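Step one of this worksheet: look at the structure below.
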Amino acid sequence: MAIHNIEIANIFNKLANLLEIANENPFRIRAYRNAARVIGGLSHNAADLVEDGGDLTGLPGIGKDLAEKIRIIVKTGELPLLKKMEKRVPPVLNELLKIEGLGPKRVQLLHKKLGIQNLNDLKKCIESGKLRKLRGFGEKAEQKILSGMQHIREYSQRVKLVDAITIERSIIQYLKKSKYVKKVECAGSFRRRKETVGDLDIVVASSDTKKSIEYFVRFDEIATVVSQGNTRSTVRLHSGIQVDLRSVPLESYGAALLYFTGSKAHSIAIRKLAQKKNLKLNEYGIYKGNKKVAGKTEEEMYRQIGLAYIEPEIREDRGEIELARKHQLPRLITLKDIRGDLHCHTNATDGDASIEMMAQKAQELGYQYIAITDHSKHLAMAHGLNEKRLFAQIKLIDKLNSKLKNIVILKSIEVDILEDGSLDLPKNILKELDFTVCSIHSKFNLNSKKQTGRIIRAMDNPFFNILAHPTGRLINQREPYEIDLEKIMESAKERNCILELNAQPERMDMDDIHCKIAKELRLKMAISSDAHSKSQMDYIKFGVYQARRGWLEATDVINTRTVSELKKLFRRS
DNA sequence: GCCGTTTTCGGCCCGACTGTTTTCAGTCG
């Protein structure tokens, strides 16, 4: 069984937690956490690298020892040191760490002094008053732990970006009304446009940081104020999401924005870079001795440590710092580069607008073209098109095209890839289309070899153009189906096929890491809304965010091209 | 456990808030 990067990262994180509870060397613990982050953020499978006999010690923070441990995990699926630690420290203590307010030191104390092994023990100790007798615990701690125990599961899921946006908007609108707030922006993974966010990190520039915090905690969507100081505050909203607000003077705004945008890996890397140049970098600025040399803007901060400005979406320590040093960063695609949408449904199947209405929306967005891609007959529940109905739709589009001036409607279909790898409609009708979008809507549970083979066989069909939502995953709902995505990308490249970046907020399929791999393979991608209504065509922006996170430039994305360029691309031979 | 153009030993990113303490450890980001 193949070991994924995330599993290696989980093992190291678990080990780090146990070592911490066992009071081991904090720097050794940090080394494991760092390794977990590095492996978790890799764009290729560490397991493949091990199988190919590659050298892992080239990775930052991975030395001889960790490389060997990774090799053992890949070969055996487990790590002896973790087993050993689990004998020393009951692994259930790992669970206690998930309670807000409980860290390794206190969990260790609870285990040692009160013999607490699980949540139930902990609850009993609080009820019997044993807990507050412990040094360092009091009444407040009791309450915090009790409420923390209830929220372990409730808040564990990350929020989709599309949902976070509406919450962010209302916080920002509220803050902008205060006279103490000069500038405000949501930083963190929200600003990096990750597909999901854990919490919202708001950065404020203020003439009076204390007053701005006092204003913030009066926001009417707040359920509880977790902490409140002169420069920062943490709150929990009624929606369940946590919001951290940080308020700094205007001259430190850039530094605070940089610091709280992260990612953590990026922040640490640039901090180390500053240190090498004998500078100190923190959330207030860059300091040469006691003298502040930057802080007001992010541009100034980057410049001061010898880097070009790095867009938030790629601040992940995945090679961007080295390129910024050489001024060779990619010119990331923007929404303005998009000239059309290549995946849209109408009320002929499961959409809710007509072809004309969708075309009108495309014009409003400033597009040059829109492709109509309704479902094919196999998807009966969506009333998929058979040959006859598709033929009628083709005729209708021809008629509309002869009438319409500023927009071209491309004839297409989202055709099902059947279990044997054949397409759901015969070639004699597919050849009447401008191109096809092909996708899997059934038999999600085939094993990797079968599922991968199914897709590659489909690509052998000369009328196959774009593979839609390549992994089928639904964020927080459904795992990707088992496929060898890298093999599919290579096969697509060989056959002049294109992969879709599906911009539906719950799909965001492919993810950032695979977009970056596609770019490295020089494989072209299409960013598509998969809209089922006029308003959903706006989802294209989520696709652009994801593409930017995957380092894509306009040239990597086919729907930045003109109609005639596209038509040439779709002729595979 | 990692790392090195001051180092193969002795450092390791940095600061805020809370609660319980009476000067600071623990936790968090």
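Each chain gets a letter, A, B and so on, in the order its sequence line appears, and its residues count up from 1. Bear in mind that the values here come from a model prediction, so they are computed numbers and not experimental data.
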Exercise. With nearest nucleotides of DNA chain B determined for A:K280 and A:L81 from heavy-atom distances, which residue corresponds to the more 5′ nucleotide?
Worked result: A:L81
For this session: Assign each of A:K264 and A:T234 to its nearest nucleotide of DNA chain B by heavy atoms, then name whichever residue's nucleotide is nearer the 5' end.
Result: A:K264
Length of the line joining [X]:[atom1] and [N]:[atom2], which is rounded to integer Å:
{"X": "A:R236", "N": "B:dC28", "atom1": "CZ", "atom2": "C1'", "value": "13 Å"}
{"X": "A:I29", "N": "B:dC2", "atom1": "CD1", "atom2": "P", "value": "14 Å"}
{"X": "A:L273", "N": "B:dC14", "atom1": "CG", "atom2": "P", "value": "13 Å"}
{"X": "A:D55", "N": "B:dC2", "atom1": "CG", "atom2": "P", "value": "12 Å"}
{"X": "A:F260", "N": "B:dG15", "atom1": "CZ", "atom2": "P", "value": "12 Å"}
{"X": "A:I70", "N": "B:dG1", "atom1": "CD1", "atom2": "P", "value": "13 Å"}
{"X": "A:R191", "N": "B:dG29", "atom1": "CZ", "atom2": "P", "value": "20 Å"}
{"X": "A:I99", "N": "B:dT27", "atom1": "CD1", "atom2": "P", "value": "12 Å"}

If we take the [atom1] atom in both [N] and [M], what is their distance in whole Å?
{"N": "B:dC17", "M": "B:dC12", "atom1": "P", "answer": "24 Å"}
{"N": "B:dC14", "M": "B:dC9", "atom1": "P", "answer": "25 Å"}
{"N": "B:dG15", "M": "B:dT20", "atom1": "P", "answer": "27 Å"}
{"N": "B:dC2", "M": "B:dT6", "atom1": "P", "answer": "24 Å"}
{"N": "B:dA16", "M": "B:dG10", "atom1": "C1'", "answer": "28 Å"}
{"N": "B:dG19", "M": "B:dT23", "atom1": "C1'", "answer": "13 Å"}
{"N": "B:dG26", "M": "B:dT21", "atom1": "P", "answer": "13 Å"}

Exercise. Considering only B:dC14, B:dG26, B:dG1, which nucleotide approaches the side chain of A:K105 most closely?
Worked result: B:dG26
Seminar exercise, completed: Per-nt protein contacts along nucleotides 16-23 of chain B (heavy atom under 4.0 Å; B base, S backbone sugar-phosphate only, - none) come out as SSSSS---
Exercise. Tell me, for nucleotides 4-12 of chain B in 5' to 3' order, what letter each nucleotide earns: B for a base near a protein heavy atom under 4.0 Å, S for only sugar-phosphate near one, - for neither?
Worked result: --------B
Exercise. Is the glycosidic torsion of B:dT21 within 90° of 0, making it syn, or is it anti?
Worked result: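 Anti.
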Does the side chain of [X] come under 3.5 Å of the side chain of [Y] through a donor N or O and an acceptor N or O?
{"X": "A:D55", "Y": "A:T57", "result": "yes"}
{"X": "A:S263", "Y": "A:K194", "result": "no"}
{"X": "A:T209", "Y": "A:T231", "result": "no"}

Exercise. What is the nucleic acid contact for A:P26, judged by heavy atoms within less than 4.0 Å: base, sugar-phosphate only, or nothing?
Worked result: nothing
Exercise. Touch check for A:Q242, heavy atoms < 4.0 angstrom, all strands: base, sugar-phosphate only, or nothing?
Worked result: sugar-phosphate
Problem set entry | Those residues that, when tested against A:E490, pass side chain to side chain contact (heavy atoms under 4.5 Å, CB included) (two or more places apart) | A:L521
Problem set entry | Any residue meeting side chain to side chain contact (heavy atoms under 4.5 Å, CB included) with A:L93, in chain and number order, not counting sequence neighbours | A:I21, A:V89, A:P90, A:L96, A:V107, A:H111
Seminar exercise, completed: Checking N1-N3 plus N6-O4 or O6-N4 for Watson-Crick, or N1-O2 and O6-N3 for wobble, each under 3.5 Å, the partner of B:dT27 is B:dA16
Exercise. Does a side-chain N-to-carboxylate-O contact under 4.0 Å join A:R37 and A:E316?
Worked result: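 Looking at A:R37 and A:E316, the cut-off is not met.
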Exercise. Taking N and O atoms by type only, does the side chain of A:Y259 place a donor or acceptor under 3.5 Å from a partner on the base of B:dG15?
Worked result: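 No, no donor-acceptor pair under 3.5 Å.
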Who passes ring pair (Phe, Tyr, Trp, His ring centres under 6.0 Å) against [X], sequence neighbours left out?
{"X": "A:Y180", "value": "none"}
{"X": "A:Y32", "value": "A:F12"}
{"X": "A:Y215", "value": "A:Y174"}

Solution key, residues 119-131 of chain A side-chain donor-acceptor pairs under 3.5 Å, sequence neighbours excluded:
from, atom 1, to, atom 2, distance (Å)
A:D121, OD2, A:Q117, N, 3.0
A:S128, OG, A:K124, O, 3.1
A:S128, OG, A:C125, O, 3.4

Problem set entry | Any residue meeting side chain to side chain donor-acceptor pair (under 3.5 Å) with A:R548, in chain and number order, not counting sequence neighbours |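 Here the qualifying residues are A:E311, A:E313.
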